[in-house]
Number of protein chains: 2
Amino acid sequence: MSAAREETGTETLTAPAEDYLKAIYAIGKGSGPAATNEIAQRLAIAPASVSGMVRRLADQGLLAYERYHGVKLTESGRRAALRTLRRHRVIEAYLSQALGYPWDRVHHEAERLEHAASDELVDRMAATIGEPEVDPHGAPIPTRDGSVDETEYLSLAQLAVGSAGVVVRVSDEDPEMLRYLAELSILPGKKVTVKSRAPYDGPITLSVGRQELSIGPSLAANVLIAPLADRGGGRG
Amino acid sequence: MSAAREETGTETLTAPAEDYLKAIYAIGKGSGPAATNEIAQRLAIAPASVSGMVRRLADQGLLAYERYHGVKLTESGRRAALRTLRRHRVIEAYLSQALGYPWDRVHHEAERLEHAASDELVDRMAATIGEPEVDPHGAPIPTRDGSVDETEYLSLAQLAVGSAGVVVRVSDEDPEMLRYLAELSILPGKKVTVKSRAPYDGPITLSVGRQELSIGPSLAANVLIAPLADRGGGRG
DNA sequence: CCAGAAAGTTAGGTCATACTAACTTATTTT
DNA sequence: AAAATAAGTTAGTATGACCTAACTTTCTGG
């Protein structure tokens, strides 16, 4: 019955509200539904708090909400989420390219700046570093007018034994993991080949450049791959 | 009797708290007392709201507060204010020099970023543009360790007829005024000479470069001057 | 030196955002 | 399909930061 309630147009969003929309976007991959508990977990707040906020966002026409059945972004909610995502990723790219900010810390800094930076600033940043299409971790940057590349990739954990691929993206939140990946030189753009995978979620052996190395599956799940011409298919 | 109450160390400050400290610093020129009403006016909030916040800041050891008698910054409050001021001015300088941000809008953008940017970011910005000593409006940038040039200057409205001086600083808040000053080429670094001043707060005639022009006293009050070798002294 | 004005405070209210505890709805399992 | 579990919601509370209205304190000028 209910859904978007009042639909009040374009007020400016608070920082928490932007964070909710980003989280909901991430959970639903842009269009799918998001569960209260999952939102709560992503934002590290209590599920009860989510109920309240979700109601407010629905009142502003940003979410479609049915009690006890999670939320989806409305068109305007999706636009707001992508605006924030663009800010975040442009800022990350700018910090990294223009200020030599270390790879593993740009995410944290961008998390705070994305709520304060104006569109004008973000556009100037993007222009200054040549309108980047991805952030330093390989995540695609939404355009000004709200479109994104939503291609889905396999994770390194899913890549078949014997297959090769190019790293397109790594998860950006954990600095420690990022430092480790950099150390292994598992970075966007690098070519990797899966050599073997031990059973029962065991380690995955792969080659990167001329190195051979072995990583656990939960690390591998954080590395997204564009497969190359293949002789294995699907899962190994 | 009362004063700083609990003295809890270094919690992180909220954006409003930082704005209060900046305002109090500006009013007291770093060390003097600030009146409730003046704080309220600067921040465009009701005086009653100031009483509440001032109490909270005093509880945190940032202000010395005596009921009915205004506030002063404590040493730790002064440090916090200067930290924010440094952020603000480094950001202004960086936006202007590194991103070609227009003169009249850097203040507004910096007002929001100053609360979100980390010290590391601010230091990187400063380093990137060569450790500037003043912001684009000529205001001195506090150093990392919390010292500032607190030299006081005459305003153009006070400069004696016949005297010359170099513009060191203009007030940064009003974009329209900044555009007008730029149009008149009254900018930091420019040499000006006061030619005449009409009585009863009348217009001030001056020369800037090879131009001769005339401005009102309230505009002139927003332009700070370092006097040059002089034949007039004091007020005309 | 006292009355009125100015300055500052308290009282009481609102809103956004969070919390915990208790309850309801939905799903799963047997 | 009832019981157990998981998911989600309401109720009630807290905090920060603001508001207006009413009150108190301080200052000032005759």
Side-chain angles (χ1 to χ4, degrees), chain A residues 1-3 5-6 8 11-24 27-28 32-72 77 80 84 111-112 115-116, chain B residues 1-3 5-6 8 11-24 27-28 32-72 77 80 84 111-112 115-116:
Chain A
M1 238 108 296
S2 95
R5 289 155 209 253
E6 271 176 38
T8 11
E11 301 104 40
T12 307
L13 297 170
T14 60
E18 289 184 341
D19 287 337
Y20 274 77
L21 295 177
K22 268 202 314 177
I24 292 164
I27 293 166
T36 298
N37 273 354
E38 207 172 339
I39 299 169
Q41 204 185 338
R42 284 221 175 213
L43 300 176
I45 62 185
S49 308
V50 173
S51 293
M53 182 60 134
V54 140
R55 168 172 247 107
R56 286 193 288 275
L57 294 174
D59 284 351
Q60 292 176 76
L62 296 163
L63 297 179
Y65 174 43
E66 280 200 74
R67 251 158 70 271
Y68 293 101
H69 294 283
V71 297
K72 289 212 290 192
T84 306
E111 280 285 298
R112 305 193 286 136
H115 305 299
Chain B
M1 240 116 289
S2 93
R5 288 156 210 249
E6 272 175 39
T8 11
E11 302 105 39
T12 306
L13 297 170
T14 60
E18 291 185 340
D19 286 337
Y20 273 78
L21 295 176
K22 270 202 314 176
I24 292 163
I27 292 166
T36 299
N37 273 354
E38 206 170 341
I39 299 169
Q41 204 185 338
R42 284 222 177 214
L43 300 176
I45 62 184
S49 308
V50 173
S51 293
M53 182 60 135
V54 140
R55 168 173 247 109
R56 285 192 290 272
L57 293 174
D59 285 351
Q60 291 177 72
L62 297 162
L63 298 179
Y65 174 43
E66 281 201 72
R67 253 157 69 274
Y68 294 103
H69 294 283
V71 295
K72 289 213 288 193
T84 306
E111 280 285 299
R112 304 194 285 136
H115 306 299

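Just the heavy atoms: all of them, side chains too, but no hydrogens, waters or symmetry mates, feed the values below. Below, chains carry the letters A, B, ... as their sequence lines are ordered, and counting in each starts from 1.
In this structure, E18(A) places its CD atom 15 Å from C1' of dA16(C), rounding to the nearest Å. For the pair R42(B) CZ and dC18(D) P, the interatomic distance rounds to 17 Å; values are reported in whole Å. Taking atom CD of residue Q41(B) and atom C1' of nucleotide dG8(C), one finds them 15 Å apart after rounding to whole Å. The distance between atom NE2 of H115(A) and atom P of dT17(C), rounded to the nearest whole Å, is 12 Å. In this structure, CD1 of I45(B) is placed 11 Å from P of dT20(D), rounded to the nearest angstrom.
In this structure R42(A) satisfies the side chain to side chain contact (heavy atoms under 4.5 Å, CB included) test together with A23(A), A26(A), I27(A), sequence neighbours excluded. For A17(A), the side chain to side chain contact (heavy atoms under 4.5 Å, CB included) test picks out L13(A), T14(A), M53(A), L57(A), with sequence neighbours left out. Every residue two or more places apart in sequence or in another chain that forms a side-chain hydrogen bond (donor to acceptor under 3.5 Å, both in side chains) with E18(B) is listed here: H115(B). Judged as a side chain to side chain contact (heavy atoms under 4.5 Å, CB included), and not counting sequence neighbours, the contacts of K72(A) are P33(A). Shown here are the side chain to side chain contact (heavy atoms under 4.5 Å, CB included) partners of E111(A), two or more places apart in sequence or in another chain: K22(A), H88(A), H107(A), E114(A).
To the nearest 0.5 Å, atoms OG (S49(A)) and CD1 (I39(A)) are separated by 12.0 Å.
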Handout entry: Sugar-phosphate or base contact per nucleotide [nucleotides 4-16 of chain D; S, B, -; heavy atom under 4.0 Å]
Key = ---SSBB------
